[in-house]
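Shown next, in structure tokens, is the structure this report addresses.
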Amino acid sequence: MSLESGELDDLTLKIGRKPTSTELQIVAAEWSEHCSYKSSKKHLKMLPMKGPLVISEKGYDSGVLDVGDGYVITAHIESHNHPSAVEPYGGAATGVGGVIRDILSAGTRPIAIFNGLRFGDIEKDLHARWLFKNAVKGIADYGNCLGIPTIGGEVEFDKCYSNYALVDVAAIGFGKKKNLIKNHAKTGDIVVLLGGATGRDGIGGSQFASDSLESENRSAVQIPDPFIEKLIIEAILEARTENLIHALKDLGGGGLSCAVSETADALSIGIEMDVDKVHTRELNMNPDEIMVSESQERMLIVTSNDKLKKLEGICKKYRITCSVIGHVTLDNMMHVKKGEKTCANLPTDVVANATLLDRPSKKPAYLENIENEKKLKPILDYTKMMMKFIASPNIASKIWVYGQYDHEVGIRTVVKPGKDASVLRLDNGKFLSAKIDGNPKHCYINPREGAIGCFEEACRNVVCTGAKPIGMLDHLQFGNPENPEIFWTFLESLKGITDFAKYFEIPCVGGKVSLYNETPSGQIKPTPIIGILGLIDKTPLSTQNISKGDCIVIVGQTKNEMGGSEYFEYIHKFIGGKCPTVNFLESKINMNSVLNVITKGLVKAAHDCSKGGLAVAVSELCMTYQIGCNISLEKVPNQKLDVDRILFSESHSRYLLVLEKKDLKKLETLLKKSKVEYNVIGVFGGDHIRFNKESKNIIDLSVDKSQKIWFNSLKELVLHG
Amino acid sequence: MAIFIVHVTIENKPGISDPEGETILNDLVLKGTTSTVTKIKSAKMLQFTIKEKDKKSAKIKVQNICDELRIYNPMVSKITIDVFDA
Amino acid sequence: MAIFIVHVTIENKPGISDPEGETILNDLVLKGTTSTVTKIKSAKMLQFTIKEKDKKSAKIKVQNICDELRIYNPMVSKITIDVFDA
Amino acid sequence: MNVAVIVFPGSNCDRDMYHVLTDVFKLNATYFWHEKGLPKNIDAVILPGGFSYGDRLRSGAIAAHSPIIKDVKKMAEKGVPILGVCNGFQILVEAGLLPGALLKNTSLNFMCEWTSLIVENNTTPFSNKLKLYQKIPIPIANGEGRYYVDSETLKQLKKKNQIVFRYSDTVNGSSDRIAGVCSEDGNVVGMMPHPERAAESQINPNDNKPASLIFESLLNAIGVQN
Ligand SMILES: Nc1ncnc2c1ncn2[C@@H]1O[C@H](COP(=O)(O)OP(=O)(O)O)[C@@H](O)[C@H]1O
Ligand SMILES: [Mg+2]
């Protein structure tokens, strides 16, 4: 672990002397990209962070939203890409552990986990398959053991992730507003480290996450212990209820170095600590190792001496260790001692605030001609093509994944995974809907429009359950920021997200930046992920059967925007074309009208149109509800497109609505009034999914057969190749 | 050709924690009546039955299988291979 | 008193199916390049470090622990105990 | 009427069970930490699901040695209704209160899905309100849920009417599709599926009545009028 060249001078200048070895380690951890956001922080300020429901407090690692009646939800997103790429099981599992502790730090109980998974081409690449299988198992074993339901996510495969993995995890917490931890501390308060013992595992992890995998330090593996984490959750929540916690911080990247310096900096205090007081797992750990170890399942608590006994009692009950490692001082210094000897004594604001960078950016050369389309080979048999498409890893049902996650525990899950967004019931009678989405294929072609598209897609998914988006989480994952072309794609995505968030007044309540996502074969495609939280005041739109004679209505225009579509990439092996663009006004009108008709109880089901276009969205409805349908493609509002473009364009702002015929008039009146583009495109019934154009049949799938393939192909691929 | 039984023991590398072994020790064994146990490490074992010309080649084959098919992840675990006559 | 390492191997009794071993054999090993493996059985191993006066007493102690604390479930599993010098 | 909900380190369905007992079925329920003893005036005991001791060694194997299990055994002898759900079932089996073993699912994966049970014995304190062969839509969520008994024990189970619930389809490879069993006296019942996840219409996409009857059976058994 080391500082970059200029940074050593910077540090020496700031503290007026040569740093000690421990100081170097502490600062290197805290000034790493992962902990300091030095490349991105200046720019992240553009995101709108305030809103009527947002509660901001100093020192929170997660966003807090007021959901009324004295309750709050908290949310956070993290990734664990580098560790998962070398040890998918432990990397993914400890990723879940980390984000859960961020939720816990606010004093709320974690109630849901989301995961976004990205790997290379699992059809051909055995290593990618191994990574995928083990990452899923890691998340399952960790979340299931904690008893926190993993209720949603996404899975995507793309060659750009070969020999690599993107593992994103988001978590949601819930609690009483009055129980939120109001981080504070006063001189004489004590600093307690609670949880697992500190070992040599994960040393240098945060810096590892900030390096490219090429130069990886493979010692940074972390072993998950969900059982300890579960006990920590219960102990912390009990201590919170008993008012034993003044300030709370989880230990993540950078270990004690970051937790101590950031807590001190956020609360404008100093902390003096002794590494000999830290409970360790291995003998003879030196101060440097103890300060930067990233051993999992640890929390830092500031409390007062008179509360210590009670806190120790709780820890004893839950059989977890807690050690008093230091105390609060007045001097805004982070003073690390080993017994009597001083190892480090640094101003906390110096440690916690790396010098921010203003990196150069430049539009990448590859974007020059990316929108030009090549001539495609005509598809002779669309039915056959659809069967192949439905079985393809990106389109196939992800039931093999979410079936391994306990998504029911907590008995809040009203809408289960497998639909657009999952919905949880809250204790105040309201419902929370949430989904995360990313789309690197779109973002590669147009980082700005692609990122906006992810944002809109996540909103659409939440809207389809009847929820109004109230908050957003963003996770910006890019390659090496020192490359101006990469940095340009980062800035473009960020600007797009900012513009959309401002237009829709959806505050950003949390986020994360992960850079240096590159492998020897190159940079990953820009992969921003957006998580949306939506609130439902009355009833969510949940499972009702679709019956014969029910109508299907599409809201929104289908446009000639095939760039980055699954159809271009999977069927035609072509990367290019113009990617879908969101028209903000149209997006807003469509979103509001769909919410309106759902709230009025007019629709039985709503589904958004996204990956794979209309053809896949309609088929998903049919396969999920086990019923056939007849679709007339000429009725789909579009820009005079060929059939394949109507079928497979991934234009945004489109929704499919299912309703009883008797409600159609009312629906049309409402939709007309709000001036949305829409049309009735077909009816349900029978056991075949049929797409026709001017009475000519284009696609004809048996519901049973396609459903089997759609449900099973991912599992078959993973287990039996 | 002869038949061999090959035991592959997969365990965490030294220095890497073993939460399962620790829990079995602290929450079960040390709560029992025997107090002379000082450590428990958990491991996984696979017993291969393989037809090869000799012990050496049986061992090499199994080692290759374990490496190629990622039966274990060398980042976290190490394996020990013992060959026995069937 | 001396220190011994005692290996307890817990495996399914004959007749009890072992889906794990079968899956590793069929979906992994036999799809690879080696075809001489005819069977794979999975087992769990616990390595005890114990302080006892001799090997024999180490073995008996561990056997007792396994029986009393139900380290294995006798309806489905059997154990093998091997003692080594530390 | 007082129902004890036992909490082990790693239990994670305790709060769900408590909610259903108290908020839905208006029973008096109390949590008991595994190191405590059980008072005499307990009318029923429930061991909820979760991952006691992180499922280490074998699910339920370590928790079965908890101090409270001694009292649970005493209650079992006295005929007090005792229900183990999921990990609670595994603990009862490991503690020797119920026969058999719970092995890894044949899929080798954790499985969380909705399935359907068939009632095979409606004389226990947890099934007396159900009809024989009635179907119950209910979710499972486990990794080691494959119930196993040897053929001799199976014969005994059948003879003594100890099979309480069967899966209507082959779900995880359980012997004779067994999903739940009871003690010879019938007062101790263990089941892998989660009735507490199926008893409310809001979270049950199918029909919550049958699963509710499991709790109403308990009300009936301990003499609560409703
Ligand atoms: N990794 C995962 N974990 C849990 N649920 C998942 C995962 N991947 C997909 N799902 C679920 O499968 C369904 C379909 O996902 P996705 O294809 O991403 O939907 P959409 O196209 O609507 O964004 C959703 O309910 C989603 O939550
Ligand atoms: Mg969707």
Side-chain angles (χ1 to χ4, degrees), chain B residues 1-12 14 18 20-25 27-54 57-72 77 79-80 82 84 86, chain C residues 1-12 18 20-54 57-72 77 79-80 82 84 86:
Chain B
M1 286 297 193
I3 292 177
F4 300 98
I5 305 287
V6 185
H7 286 188
V8 178
T9 311
I10 308 167
E11 62 194 306
N12 280 2
D18 171 25
E20 174 155 38
E22 280 168 32
T23 308
I24 298 175
L25 177 69
D27 293 298
L28 189 62
V29 173
L30 292 184
K31 291 201 175 146
T33 50
T34 318
S35 58
T36 51
V37 180
T38 56
K39 191 174 173 153
I40 296 182
K41 268 181 71 178
S42 74
K44 190 183 174 88
M45 193 202 260
L46 294 175
Q47 308 175 347
F48 288 68
T49 308
I50 191 169
K51 221 188 231 159
E52 285 293 333
K53 61 174 193 297
D54 53 25
S57 106
K59 181 165 181 169
I60 292 173
K61 276 284 162 59
V62 171
Q63 175 85 53
N64 285 345
I65 288 172
C66 291
D67 291 342
E68 267 167 31
L69 302 177
R70 289 231 168 208
I71 298 282
Y72 71 110
S77 327
I79 57 172
T80 321
D82 299 294
F84 305 89
Chain C
M1 285 297 192
I3 293 175
F4 299 97
I5 305 287
V6 184
H7 286 190
V8 178
T9 311
I10 310 167
E11 59 192 308
N12 283 359
D18 172 27
E20 189 163 5
E22 281 163 31
T23 305
I24 297 178
L25 178 68
N26 296 320
D27 289 329
L28 219 50
V29 174
L30 293 184
K31 289 209 174 127
T33 50
T34 318
S35 57
T36 51
V37 180
T38 54
K39 191 174 174 158
I40 296 181
K41 273 178 65 180
S42 74
K44 190 179 177 99
M45 193 202 258
L46 295 178
Q47 308 174 347
F48 288 69
T49 306
I50 193 169
K51 225 188 226 155
E52 287 293 334
K53 64 174 192 296
D54 55 26
S57 104
K59 183 164 182 170
I60 292 173
K61 275 285 162 58
V62 171
Q63 176 81 54
N64 285 346
I65 289 173
C66 290
D67 293 339
E68 269 168 32
L69 299 178
R70 279 181 48 114
I71 294 289
Y72 66 109
S77 327
I79 55 171
T80 322
D82 300 294
F84 305 89

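In what follows, every heavy atom counts, from backbone to side chain, and hydrogens, waters and symmetry copies are set aside. The model shown is predicted, which means the values in this text are computed figures rather than measured ones. Every chain is numbered from 1 and lettered A, B, ... according to where its sequence line falls, protein lines coming before strand lines.
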Does any part of the side chain of C:Tyr72, heavy atoms only, come nearer than 4.5 Å to the side chain of C:Val8, both counted from C-beta? no
If you tally heavy-atom pairs under 4.5 Å between each of B:Lys31, B:Met1, B:Glu20 and chain C, the highest tally belongs to B:Glu20
Within a strict 4.5 Å, meaning less than it, do heavy atoms of the B:Thr80 and B:Glu11 side chains meet? yes
Could you tell me which portion of B:Thr34 (side chain, backbone, both or neither) has an atom closer than 4.5 angstrom to a non-hydrogen atom of chain C? side chain
Bottom line for C:Leu46: the part with an atom under 4.5 Å from chain B's heavy atoms is both
I'd like to verify something: which residue of B:Ile3, B:Thr38, B:Asn64 has the highest number of heavy-atom pairs under 4.5 Å with chain C? B:Thr38
Using heavy-atom distances under 4.5 Å, tell me whether C:Ser35 contacts chain B through its side chain, its backbone, both, or neither. neither
With side chains defined as the heavy atoms from C-beta onward, is the minimum distance between C:His7 and B:Met45 less than 4.5 Å? no
Determine whether B:Ile79 and B:Gln63 make a side-chain contact, defined as any pair of heavy atoms from C-beta on separated by less than 4.5 Å. yes
Enumerate the salt bridge (charged side-chain N to carboxylate O under 4.0 Å, His left out) contacts for residues 57-69 of chain C, please, sequence neighbours excluded, ordered by first and then second residue. C:Glu52-C:Lys61
Give me the one residue out of C:Leu30, C:Leu28, C:Leu25 that meets side chain to side chain contact (heavy atoms under 4.5 Å, CB included) with C:Ile40. C:Leu25
Is C:Ile24 in contact with chain B via its backbone, its side chain, both, or neither, using a 4.5 Å heavy-atom distance? side chain
With only heavy atoms counted, which part of B:Ile71 is less than 4.5 Å from chain C, the side chain, the backbone, both or neither? side chain
